Every structure is written in structure tokens, then in C-alpha cells.
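All remarks here apply to the structure that follows.
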Amino acid sequence: MPYTTLPPLVFLIYGSVLFAVLYRFSKLYHQRRISAESWIPVLLVGTILLNPRIADYDVVLIALPMALILVRSVAARTRSGIALAVSVLFLIVTDLFLDLPASVDAPRDMFVLLAIMGVGLQYLLVEARRTCPERLVVLPQVAAVSEPAVAETDT
């Protein structure tokens, strides 16, 4: 297939958005708002997705991180995580028992990769919201953050 300007342009847009999202979550990781156990599998999957020429052997490298993302999202009992696990299981069963044309393999694999990445990012977002500093109660009478203070309240 001859090279055209459309595929590189699509990759630049897609790669820029994915890189910006990964960069933002790396900032949250460095602020200790998301854990390494949640961040590293998503980072590995995102790094492989930044490859402009993803091949089958590239995806094999991230099978374990993808499984970790799926298991954690199902364990967190999120609707999207359970729906994704069921859809991935459905895709595996159809691949094993149905004789589908080879042209279906690449879109199916890309759907699975993007869906798992999306669920991983959603899980990180939920974790970051739980540790959001704005959720902490700040009393206006307290001047120093390092020392605890007692504020008077009306009962």
C-alpha cells in the first residue's frame, strides 16, 4: 500500500492525544495520587499503542498488563470493567469457534486494545479522584497546615 498523508496525520493526532493523556497521568503518579500497581500496566499498554506499526508480537508483550487491567476493573466492580471482560470473553470465544475472515482480526484486536486502555484510564481517574486534595476539609481558622488545630463550632 503506498504511503499517503492521511495515515501519518491520523497517527499524529491519535499519538498526540494518547501522549498527552499518559503525561497527565504520569503527573498524578508523581504526586502520589495514583498507585504504581495501577499505573504501570496502563503505561505499558499506552506505550505499545504509541507504536505506529503495532504487530502481533508487540501485543503479546502486553498480554499480562492487559489481564491485570481487566482483573482490577472487574474486582472494582465497575460496570465498564465487567462489560469489557464479557466482551473480551465473547471475542475470544468467537475467535476460537467461528471461522472468521482474516480481515476481522485487526479491527477486533484494535478494539480490544483501545477498550482495555480506556478502562485502565477510567480506573486511574477514579483512583485520582479519591485522592483529590479538594476533597479534604479545610477550616478557614487554621493557618498552618503542618500543625493540627481545633476549630470552634456551634452545637
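Computed from heavy atoms alone, side chains included, the values below leave out hydrogens, waters and symmetry copies. The residues of the chain are indexed from 1 along the displayed sequence. Since the structure is predicted, the reported quantities are computational estimates derived from the model, not experimental observations.
Checking side-chain atoms of Arg33 against main-chain N and O of Leu28 turns up no donor-acceptor pair under 3.5 Å. In this structure, Arg72 contributes its side chain and Tyr123 its backbone to no donor-acceptor pair below 3.5 Å.
To the nearest 0.5 angstrom, Gln31 atom CD is 9.0 Å from Thr131 atom OG1. Note that CD1 of Ile62 and CG of Leu113 are 5.0 Å apart. Values are rounded to the nearest 0.5 Å. Rounding to the nearest 0.5 angstrom, the gap separating the OG atom in Ser73 from the CZ atom in Arg79 is 14.5 Å.
When each of Val126, Leu68, Leu124 is checked for a side chain to side chain contact (heavy atoms under 4.5 Å, CB included) with Ser38, only Leu124 meets the rule.
In this structure, the side chain to side chain contact (heavy atoms under 4.5 Å, CB included) partners of Leu18, at least two apart in sequence or on a different chain, are Tyr14, Leu22, Leu49, Leu50, Met117.
In plain terms, the two heavy atoms of Pro65 and Pro41 that are nearest each other are O-CB, 3.7 Å. Between Ile69 and Val45, the closest heavy-atom pair is CD1-CG2, 4.0 Å.
Leu64 and Ile48 fall into different hydrophobic clusters, where Ile, Leu, Val, Met, Phe, Trp and Tyr side chains are chained together by heavy-atom contacts under 4.5 Å. Taking hydrophobic clusters as Ile, Leu, Val, Met, Phe, Trp and Tyr residues chained together by side-chain heavy-atom distances below 4.5 Å, Met66 shares a cluster with Leu43. In this structure, Leu12 is not a member of the same hydrophobic cluster as Leu114, with clusters built from ILVMFWY side-chain heavy atoms closer than 4.5 Å. Val74 and Leu125 fall into different hydrophobic clusters, where Ile, Leu, Val, Met, Phe, Trp and Tyr are joined by side-chain heavy atoms under 4.5 Å apart, directly or via other members. Tracing side-chain contacts under 4.5 Å through hydrophobic residues (I, L, V, M, F, W, Y), one reaches Val21 starting from Val42; they form part of the same cluster.
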